[in-house]
S.K.: 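I have a structure I would like to understand better, so I am pasting it below and will then ask my questions one at a time.
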Amino acid sequence: MTYLDWGATSFPKPPSVRRAAADAMVRCANPGRGGHAPAMAAAETVFRTREGIGEMFDCQPEQVIFTSNCTHSLNMAIRSLFHPGDQVVITGFEHNAVTRTLHGMGIRTRVAGKKLFDWEDTLYEFERALAEGCRGAVFTHVSNVFGYVLPVAEMSALCRERGIPFVLDAAQSAGSIPLSLKQLGADYIAMPGHKGLLGPMGTGILLCGKGVEPLLYGGTGSESRNPDMPAQLPERGEAGTANVSAIAGLGEGIRILKRIGIRKIGQKEETLIRFCGEELEKLGYRVFRGPHQLATLSFVPQMDCEEYGEKMGKMGIALRAGLHCAPLAHESAGTLETGTVRISLGYSTGQEDILRFLRAAAKVGP
Amino acid sequence: MNFYFITFRSITAAQRGERVLQKKGIRCQLSRTPRWMEEQGCGYCLKLGRSRISEAVGYLREEKIEFRKIYLQTDSTNVEEVKL
């Protein structure tokens, strides 16, 4: 099987990640709930992962909240900042994790920047929306459908200059592009633990530039007589038992990335995706590609994209077809009715994987 | 028998404190806070010897690691809160 669906999750998980998760199941009890050795081992495991994430994203360990996934993180961030009736600027490339959360809360959205791979347009539209009185901003770093890398450093600066709070969705960039919570000055950065960071599914991270409003209320192992959730991070955002074995695996994923180097991974993914796009075009495919593209590429085959995905699956190529939970991105690119076929790469994707895919793509035809 | 207990609101805060002190070469032990020391119920503390307590508290303050209280235990029955 040639796995080209890293945008959904990293697969297969590295052996050392699997070992770390399995080891935690026999070594760790409930962290922060007791003083006995297995509980303390769990607490140490969780804290080490927090430290690793803090070092990677330039923040303190207590600014790292563990969640179940990026959607969970985004929900917490959005609910901490905005209220029903607020108007928030988003880009034309947001995932349902952002748009449904805002919609569900009755928050009005102003969509700014719908042109693919066009930083000038994105920045112009974004700045205009901020100037017209938006209460805050939520924006993705990399489109999960098209791999478009948005100019988030500049967008963050525009927000900071105006004192506008913002949330960055780093679902597709964490592990491929270096990020600093401090430098961006974001209120929150949300990311999954199981995609670019190589951890098990069921892990998510919220990096906090400020305090949070809890999504869940319950035990934290501290201040038990306090009827409210503790005020301090990360406990305020972490009610209930943590997914310790998965967090242990995530910690190992972080160590792997540090050894390889995030920048190196991103550069490789960028080179491979450019090569793949060029070759697909030579085969006659309608490909969405451009500058500022990372690890992900979409194309529209002549046949139904789900049928295309199924054919490729039978040929041993795992990719994803449809709307990728991001109808807004498809609306922006004009592919809402057809959907697209998406390939997405990861840290271990090699040239040979792309060549296998291209041979299959040539066989199936555009 | 002279031990100090620095109490924290949460395990994460206590762990941050533990790391800071370890980096400075100050030996300490992370454990649950004795029930009567923690009026909010459930917490963690760092237990350390007398010789470097002032230095340790200084480092925690320098790193902005919030702790609740400091207790001195002089024998098995005598424990008192101290201000440093």
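All heavy atoms count here, side chains included; hydrogens, waters and symmetry mates do not. Naming: A, B, ... by sequence-line order, numbering from 1 per chain. Given the structure is predicted, the values throughout are model-derived calculations rather than measurements.
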S.K.: I need the minimum non-hydrogen distance between B:Tyr44 and A:Arg33, along with the two atoms involved.
M.R.: OH-N, 3.2 Å

S.K.: CE of A:Met201: more than 12 outside heavy atoms within 6.0 angstrom?
M.R.: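 At most 12 heavy atoms, drawn from other residues, nucleotides or ligands, come within 6.0 Å of this atom.
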
S.K.: Measure distances from B:Ser31 to the heavy atoms of chain A and classify the residue's part below 4.5 Å as side chain, backbone, both or neither.
M.R.: backbone

S.K.: Under 4.5 Å, counting heavy-atom pairs only, tell me which of A:Pro31, A:Pro230, A:Gly34, A:Ala231 racks up the most with chain B.
M.R.: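 Greatest number of close heavy-atom pairs with chain B: A:Gly34.
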
S.K.: Is it the case that atom CZ in A:Arg225 sees more than 12 heavy atoms from other parts of the structure closer than 6.0 Å?
M.R.: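 Open.
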
S.K.: For A:Glu44, which atoms come within 4.5 Å of any heavy atom of chain B: side chain, backbone, both, or neither?
M.R.: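 For A:Glu44, heavy atoms of backbone and side chain both lie under 4.5 Å from chain B.
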
S.K.: Do A:Gln60 and B:Arg16 come close enough that some side-chain heavy atom pair is under 4.5 Å?
M.R.: yes

S.K.: Counting only heavy atoms not in A:Gln183 (residues, nucleotides, ligands), do more than 12 fall under 6.0 Å from its CD?
M.R.: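 No, the 6.0 Å shell around CD holds no more than 12 heavy atoms from other groups.
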
S.K.: For B:Gln15 and A:Arg50, run side-chain contact (heavy atoms from CB on, under 4.5 Å): C-alpha distance rounded to whole Å, both residues' side-chain angles, the deciding distance at 0.1 Å, then the answer.
M.R.: CA-CA 11 Å; B:Gln15 286 172 309; A:Arg50 261 192 239 286; 5.6 Å; no

S.K.: So does B:Glu18 pair up with A:Arg48, basic N to acidic O under 4.0 Å?
M.R.: no

S.K.: Does atom CD (B:Gln22) have a neighbourhood of more than 12 heavy atoms from anything else shown, all under 6.0 Å?
M.R.: yes

S.K.: Is the number of heavy atoms from other residues, nucleotides or ligands within 6.0 Å of NZ (A:Lys264) greater than 12?
M.R.: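 Incorrect, the count does not exceed 12.
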
S.K.: Taking CZ in A:Arg263 as the centre, count heavy atoms belonging to other residues, nucleotides or ligands within less than 6.0 Å. Is the count above 12?
M.R.: no

S.K.: Do you know the tightest heavy-atom contact between B:Ser10 and A:Ser222?
M.R.: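 Heavy-atom minimum between the residues: CA-CB, 4.0 Å.
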
S.K.: Would you call B:Arg9-A:Glu235 a salt bridge at under 4.0 Å N-O?
M.R.: no

